[in-house]
Amino acid sequence: MSSPDPVVIVGGGPVGLITALGLVHYGVPVLVLEEDDSLSLDTKAGTILTRTLEVLARYDALTPVLAASLRIDEIGELDRASGRSTGSVLTERLAEETRFPFVINIPQHELEPVLAARLEELAPGTLAMSHRLVDFTDHGDHVALEVDTPEGRRQLRADRLLACDGGRSGVRTHLGITVEGHTLEQRYMLVDLVCDLDVASPRDYPYLAYFGDPQEWMILVRQPHCWRFLFPLSPGQPEPSEEELRDKAHRFIGEVDSLDVIGTNVYSVHHRVAARWQVGRVFLLGDAAHLITPMWALGLNTGVLDASNLPWRLAWVARGWAEPSLLEGYEAEQAPVAINGSGEMAEAARAVMDRRLESTDAMAAGGWGDAMTRTLLGVRLDVDGSGDWSMVRRTPEPTPVRLGERAPDLRVFGAEGPVTLHELCRDSFVAVHLTDARRRPEVPAECPPGLRQVVVSRWDAPHDSDLRDRAYFDPGDQVRRRFDAAGADRIVLLRPDGHVAFHQPWSADAADRVTRHYLALIGRPATEEANR
Ligand SMILES: Cc1cc2nc3c(=O)[nH]c(=O)nc-3n(C[C@H](O)[C@H](O)[C@H](O)COP(=O)(O)OP(=O)(O)OC[C@H]3O[C@@H](n4cnc5c(N)ncnc54)[C@H](O)[C@@H]3O)c2cc1C
């Protein structure tokens, strides 16, 4: 029997590589085509948010990325003139929410080789360098590709084609998809420099610090091997000379012993989103689908939300567990987040930096809400098509988890020891019965493929209950209380990406209800047998 056609990803940038890691995690055959003979050498994205760390952990790629990064527990906000803190975001507020209550700094050109090496370890030969997609045709049951390779032009077959080919996406152009939005008049300048702010000229800046000022703002980022300054250039302003750059740096950080500029980059800032993200068997992801201002790390990290949402859908379809209609949820959920969510945050970010504080409603929560928003953990997806989604958390304290939110990664204890909610659902939908295990709730052991049902209870499942292999002990009832403020019983369905797909009061028929919901989601009719 011939092997199935692979999903082909065009583009070996961060979104293409992480999407490939996702497909490998789910066991879907995948090939990545990268036109260049080396990964990008440009100084681009530099901060990876917590949400992205969780995706990398799910795809078994986090450890090498952390080894190459600097971890940060404070996103600093400082007033440039006085140097005083104006309200840092402390990621310790997230200690109950995630296994990774921090963000990391790593330049994109150091991240990409780490991702590529991990991909090579997990699925050797997946990344094909010097392979340029030049043409494709969607035949309805596969996509035919024309690819320029070092050995000449080749024809390939793809099960599906994922365009991770960046802001100038050729795939998007080929499909005639328009891009809507605007480009800011301001350009941003990024400067990498080496100076000793630890010993020779000690400073206590957070490793990621936003210096706000009505006249001139700047972001200071400590990278593993240098410091990075990022600031806006007024329309028409020429690129500063090295001398001017030094003066500017001194204005922000004061006199220092020595300061060497090792790299610069000037770039335009866009907010442009593709009108469609799926046409037949072809999908757009990352910058190909949305060019977002990189402010508050919303460029690469918004792309990784795409790489979190699409791979499990493709896997469910490839495994024969779901109808292709499941794939339509990708654009429906992610496009609003990119069009309005990232836009809302980026506008708020600029307002904070320009000290137009009356326009910073999106960031008004303080504390927990800020931390959830700024680390992207606060993204709530429109999972039921109601139009109710959000990227911004507006409450200073944790609120009960709602439909569409990413579940907090709380720890419970199973037969094999401790496990977190995200680990539970890393390769499966999991229906969680938040009810009293002593009362012998019906939690079926047999479920449709791709679904498991478990009970989470502060009452350890009795040994004669037949539930011990699918019961999780929740000391203190913390999970149920996070899903319902009054501590009432709930039935919730977690997706493989950790988002909540179903959230209702628990009752004796909860197992049937959640199974029917799952079957509707994957496009399979609820038969008598499946419901039993
Ligand atoms: C200066 C700068 C600073 C930035 N700073 C930040 C930041 O601080 N935080 C943040 O989150 N984001 C930042 N960004 C944005 C971030 O770099 C992008 O969002 C990210 O690179 C998008 O990744 P991608 O994989 O979608 O696309 P890309 O990184 O653009 O990768 C696309 C890949 O596709 C390949 N390709 C294109 N066409 C073909 C073809 N026909 N065949 C085969 N291969 C092809 C290209 O060679 C390329 O390798 C910054 C961007 C810039 C320019």
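All values below come from the heavy atoms of this structure, side chains included, with hydrogens, waters and symmetry mates left out. Both ligands and their constituent atoms are indexed starting at 1 by order of listing. Quantities reported herein were computed from a predicted structural model and do not represent experimental measurements.
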### Message
Whether R313 engages the ring of Y330 as a cation-pi pair (distance to the six-membered ring centre under 6.0 angstrom, angle to the ring normal within 45°) should be assessed.
### Response
no
### Task
Select one of side chain, backbone, both or neither to describe which atoms of N301 lie under 4.0 Å from any atom of ligand 1, heavy atoms only.
both
### Query
Is there any N or O on D287 that sits under 3.5 Å from an N or O of ligand 1?
yes
### Contacting atoms of ligand 1, where contact means under 4.0 angstrom from a heavy atom of G46
7 (C), 8 (O)
### Message
Below 30° counts as parallel, above 60° as perpendicular, anything between as tilted: where do the rings of H271 and H182 land?
### Response
tilted
### Query
Hey, what do you get for CZ (R251) to CZ (F211), rounding to the nearest 0.5 Å?
13.0 Å
### Query
Should one rank L39, V10, V304 by closest heavy-atom distance to atom 40 (C) of ligand 1, which comes out on top?
V10
### Query
So is G170 in contact with ligand 1, going by heavy-atom distances below 4.0 Å?
no
### Message
Would K248 pass as a cation-pi partner of F231, given that its NZ or CZ must be under 6.0 Å from the six-membered ring centre and within 45 degrees of the axis?
### Response
yes
### Atom indices of ligand 1 within 4.0 angstrom of Q108 heavy atoms, with elements
16 (C), 17 (O), 20 (C), 21 (O), 29 (O)
#### Entry: Any N or O of E34 closer than 3.5 Å to N or O of ligand 1
yes
### Query
For F102, is the NZ or CZ atom of R374 found under 6.0 angstrom from the centre of its six-membered ring and inside 45 degrees of the ring axis?
no
## Note on the structure
Honestly, for D36 the part within reach of ligand 1 (heavy atoms, under 4.0 Å) is side chain
### Task
Could you tell me if any non-hydrogen atom of P14 lies under 4.0 Å from any atom of ligand 1?
yes
### Query
If you round to the nearest 0.5 Å, how far is CD of E185 from OG of S234?
10.5 Å
### Task
Between L190 and ligand 1, find which residue part has any heavy-atom pair under 4.0 Å and reply side chain, backbone, both or neither.
side chain
### Message
Heavy atoms only, cut-off 4.0 Å: how does H131 contact ligand 1, side chain, backbone, both, or neither?
### Response
backbone
### Message
Looking only at side-chain N and O atoms, does D79 offer a donor or acceptor that is under 3.5 Å from a partner on S82?
### Response
yes
### Query
Are D388 and R380 ion-paired here, with the side-chain N under 4.0 Å from a carboxylate O?
yes
### Query
For ligand 1, which atoms sit closer than 4.0 Å to a heavy atom of G286?
26 (O)
### Task
Would you mind finding which of G11, C164, A288, S268 brings a heavy atom closest to atom 32 (C) of ligand 1?
C164
### Close approach of G303 to ligand 1, heavy atoms, under 4.0 angstrom
no
### Query
Does D60 come within less than 4.0 Å of R118, counting only side-chain N to carboxylate O?
yes
### Query
Is any N or O atom of G299, backbone or side chain, closer than 3.5 Å to an N or O atom of ligand 1?
yes
